[in-house]
Amino acid sequence: GADGTITSCTDSVPHFHFSARELKRVSNDMVVARNVVLHIQGVPVFWLPFIFQDARSGRRSGILTPRFGFTELVRNSPLYRRTIENVGYYFALSDYADFAAGMDWRSSANATDQDPGWTRWNTEFRYRWLDRFASGRLGASVHSLSSGSSNTQLSWAHQQDFSIHSHLSANVNFA
């Protein structure tokens, strides 16, 4: 294909999209595009030499999208501290349950007492039980500071509809 767009936004007018000069479908599973520009609200903001997108329908297990900024790659100050979040894997267990495990990290270079640098391990299990009109999530997080202290957090959120007039919403957090 030529001069196409790719987006995962489901709105009729997408908030963002990638425009590509050349697109190619590879083995019915993957679309690869070259000479790609990211548009946010119609404004071109970033050029990429290529991107690829899974073209299969439904939920898929895979690598989580890491979060980091341009300054993580190009340091703009000698005092800047690198932070990378959401490095992990997502498991699509079924149409009604999934599990994600990941890690967040902040550099301890130039550490202060208020911000010594840290590592955080995160897990989350989400569920949806259709014939009981229930859904929720279980989460756990271990946050270790480079100063030696640590914190463990456990959480459970559950929502359920019993009738048109009665609902249950519960949030339990333990740290």
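Residue numbers count from 1 along this sequence.
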Looking at residues at least two apart in the chain, or sitting in another chain, which of them share a side-chain contact (heavy atoms from CB on, under 4.5 Å) with [X]?
| X | answer |
| --- | --- |
| Ala2 | none |
| Ser149 | Leu145, Ser147 |
| Asp11 | Cys9, His15 |
| Leu138 | Phe125, Trp156 |

Residues in salt bridge (charged side-chain N to carboxylate O under 4.0 Å, His left out) contact with Arg137, at least two apart in sequence or another chain: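 So Arg137 forms a salt bridge (charged side-chain N to carboxylate O under 4.0 Å, His left out) with Glu124.
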
Is the backbone of Pro116 close enough, under 3.5 Å, to the side chain of Ser146 for a donor and an acceptor to pair up by distance? yes

Apply side-chain hydrogen bond (donor to acceptor under 3.5 Å, both in side chains) to [X] and list each qualifying residue two or more places apart in sequence or on a separate chain.
| X | result |
| --- | --- |
| Trp121 | none |
| Ser169 | none |
| Thr65 | none |

Could you walk me through whether Ser19 and His39 satisfy the side chain to side chain donor-acceptor pair (under 3.5 Å) test, starting with their C-alpha distance in whole Å, then the side-chain angles of each, then the deciding distance to 0.1 Å, before giving a yes or no? CA-CA 7 Å; Ser19 64; His39 297 262; 2.9 Å; yes

Applying salt bridge (Lys or Arg N to Asp or Glu O under 4.0 Å), which residue pairs with at least one partner in [range] are found, sequence neighbours left out?
| range | value |
| --- | --- |
| residues 145-172 | none |
| residues 91-107 | Arg59-Asp98, Asp98-Arg126, Asp104-Arg120, Arg106-Asp115 |
| residues 31-44 | Glu22-Arg34 |

Connected hydrophobic set around Phe162, excluding itself, where side chains approach under 4.5 Å: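 Joined to Phe162, directly or through intermediates: Leu168.
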
